[in-house]
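Keep in mind that this is a model prediction, so the values were computed, not measured.
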Amino acid sequence: DNDIAIYPNRKGQLPSAWEICLTTPKVSEAYTTALEAGAAAVLAPIEKPWGQVVSYVRDLNGCLVELATPMGGEDG
């Protein structure tokens, strides 16, 4: 008996327990482009204490997408 449930992503619900991360040296531009294409804002670009810039959006299917500079990269 297996009680594991799989829940699909839905725009109006919490995202599933996974995300995809896309790296770019230009997080701010990628974030703006994603929003203009219909993604929903989750977290505007911020710089982490270790120097990486990250942001989060949800795509048109509700999937969580992280946009981040490569480790040690700059947001240009």
Side-chain angles (χ1 to χ4, degrees):
D1 187 6
N2 190 346
D3 293 335
I4 297 174
I6 305 293
Y7 298 100
N9 279 299
R10 301 278 191 248
K11 287 176 72 171
Q13 297 175 354
L14 291 174
S16 296
W18 64 272
E19 69 179 65
I20 186 169
C21 178
L22 305 174
T23 59
T24 175
K26 299 183 178 186
V27 171
S28 296
E29 289 178 22
Y31 180 80
T32 298
T33 299
L35 296 182
E36 289 172 351
V42 175
L43 178 69
I46 59 168
E47 185 172 347
K48 295 293 190 173
W50 53 89
Q52 187 180 31
V53 176
V54 301
S55 68
Y56 288 90
V57 297
R58 289 187 68 182
D59 73 7
L60 300 177
N61 296 308
C63 299
L64 189 60
V65 179
E66 177 182 7
L67 303 169
T69 53
M71 291 298 293
E74 299 281 327
D75 183 26

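Residues Ala30 and Thr24 come closest through the heavy atom pair CB-CG2, 4.0 Å.
Residues Ile46 and Val42 share a hydrophobic cluster, clusters being chains of Ile/Leu/Val/Met/Phe/Trp/Tyr side chains in contact below 4.5 Å. Cluster membership for Trp50 and Leu43, using ILVMFWY side-chain heavy atoms within less than 4.5 angstrom, is not shared.
The side chain to side chain contact (heavy atoms under 4.5 Å, CB included) search around Ala44 returns Tyr31, not counting sequence neighbours. By the side chain to side chain contact (heavy atoms under 4.5 Å, CB included) test, Thr23 pairs with Cys21, Pro70, sequence neighbours left out.
Considering only heavy atoms from C-beta on, Thr69 stays 4.5 Å or farther from Pro25 through its side chain.
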Name every donor-acceptor pair, under 3.5 Å, that has one atom in a side chain of residues 54-68 and the other anywhere in the protein, sequence neighbours excluded.
| residue | atom | partner | partner atom | Å |
| --- | --- | --- | --- | --- |
| Arg58 | NE | Gly62 | O | 2.8 |
| Arg58 | NH1 | Gln13 | O | 2.6 |
| Arg58 | NH2 | Arg10 | O | 2.9 |
| Arg58 | NH2 | Gln13 | O | 2.8 |
| Arg58 | NH2 | Gly62 | O | 2.9 |
| Asp59 | OD1 | Asn61 | N | 2.8 |
| Asp59 | OD1 | Gly62 | N | 3.0 |
| Asp59 | OD1 | Cys63 | N | 2.8 |

